[in-house]
Amino acid sequence: MRAVVFERYGEPAAVREVADPRPAAHGVVVRVEATGLCRSDWHGWQGHDPGITLPHVPGHELAGVVEAAGEHVTAWRPGDRVTVPFVCACGTCAACAAGDQQVCERQTQPGFTHWGSFAQYVALDHADVNLVAVPGDMSFATAASLGCRFATAFRAVVQQGRVAAGEWVAVHGCGGVGLSAVMIAAAAGARVVAVDVSPAALELARTFGAERCVDAAGTEDTAAAVRELTGGGAHLSLDALGSPATCAASVDGLRRRGRHVQVGLLPSASGTTPVPMARAIALELELLGSHGMAAHTYPPMLELVRSGALRPDLLVTATLPLDAAPAALAALGTAPGAGMTVIEPWS
Ligand SMILES: [Zn+2]
Ligand SMILES: [Zn+2]
């Protein structure tokens, strides 16, 4: 099969011919029809993820068709249209037994713990626990966008953030996950303040339901701006970028008893992130993390997509062939762009 391979961190990846994967007894091999390009892939390529071994194939936001299933797989067969959360669970640890597969103790992540989906085929473990059926009327590009950023945003806003209609929700960082969060919060009836340094990203955020926007590039204190626009602070605030500055601004922009959800990754390579804990105690803030979404909690989200209340398809702003993936991966470091890019490995 053809795959995007890198041999060294930070050096150009290349499209190469490599061996086809084979399914584990409990796993499947999926023919990849669409796979999203995410900033986490860029972090992995840069060497920020200690779980990666070289040479490596990135890619973790995928949708496609089951090509082959291992002998212990009971729920899936070749030909099934599927997607998968980027956190693949073991199905048997204490976290999995409690229904919290998104924080599985023995999780695997395609594109990190093993070769990922910037390839024509990808192997996925514990298929009965992790695969999600893609409805026949949903495109693979749309389904691919669900696996990481959209589902992560859904869990952050709805499940962890407990958004309620009429609340103010601040979203710091309007890349793929931030724009998804804007759309999901607005659809839940919340009033959304979008914060970003890019006018293009803020324009998209407005399109997806943000009522107010803060241009972080031209604002000295974004948290103060959020507090002013929301009459005292957001009820719920997300750091959807993942940086010490956006994390602090998200916490500082909350009102009393507000909830901060950390969504953007804070790679360990950049050290420990300071959090304004004095404000957390004085205002009784809740500080929450959000890490993907368990496969079994997808149905309510898929129903909102099916009904048209949520439109992840609108977030996909570019579709590229596999040969364009290495350059697009490198470009994420300097020019992340607005919206999501999807790679189609067979085009
Ligand atoms: Zn587990
Ligand atoms: Zn991702």
Side-chain angles (χ1 to χ4, degrees), residues 4 24 26-27 32 34-46 48-49 51-52 56-63 83-119 122 124-132 141-156 173-181 238-242 262-267 289-297 312 315-318 325 328-329 331-333 336-337 339-343:
V4 174
H26 52 70
V32 181
T35 179
L37 188 66
C38 174
R39 199 167 156 80
S40 308
D41 299 312
W42 181 85
H43 280 300
W45 175 57
Q46 287 290 303
H48 299 164
D49 194 306
I52 290 176
H56 186 67
V57 176
H60 59 280
E61 300 186 353
L62 68 117
T83 186
V84 68
F86 78 91
V87 176
C88 287
C90 74
T92 49
C93 73
C96 283
D100 290 323
Q101 286 83 354
Q102 74 283 358
V103 289
C104 169
E105 295 166 23
R106 290 187 288 270
Q107 61 189 256
T108 57
Q109 298 183 10
F112 298 98
T113 57
H114 63 284
W115 282 14
S117 53
F118 289 178
V122 65
L124 301 170
D125 292 338
H126 302 291
D128 285 345
V129 179
N130 294 309
L131 296 192
V132 174
T142 300
S145 73
L146 299 178
C148 170
R149 286 167 282 187
F150 202 81
T152 295
F154 189 85
R155 175 158 177 78
C174 294
V177 72
L179 289 174
S180 303
L238 277 63
D239 173 11
L241 177 73
Q262 186 63 41
V263 192
L265 292 177
L266 295 158
S290 194
H291 188 247
M293 189 162 109
H296 72 88
T297 66
L315 296 160
V316 178
T317 46
L329 176 67
L332 281 178
M340 295 188 193
T341 296
V342 166
I343 293 156

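Every value quoted in this text rests on a predicted model; they were computed, and no experiment measured them. Order of listing sets the numbers, starting from 1, for every ligand and every atom in it. Numbering of residues begins at 1 and proceeds along the displayed sequence.
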Practice prompt. Return the name of the atom in His60, of element N, O or S, nearest to the Zn ion (ligand 2).
Written response: NE2
Practice prompt. Using modelled atom types only, decide if a donor and an acceptor are shared between the side chain of Gln262 and the backbone of Gly264 within a distance under 3.5 Å.
Written response: yes
Discussion item. To check your reading of the site, what angle at the Zn ion (ligand 1) do SG of Cys90 and SG of Cys104 form, to 10°?
Written reply: 100°
Worksheet entry | Whether Arg39 side chain and Leu332 backbone form a donor-acceptor pair below 3.5 Å | yes
Worksheet item: Can you tell me the angle formed at the Zn ion (ligand 1) by SG of Cys93 and SG of Cys96, to 10°?
Response: 110°
Discussion item. Quick one, Thr142 and Val316 - any side-chain contact, counting heavy atoms below 4.5 Å?
Written reply: no
Worksheet item: Does Asp128 reach the main-chain N or O of His26 with its side chain, forming a donor-acceptor pair under 3.5 Å?
Response: no
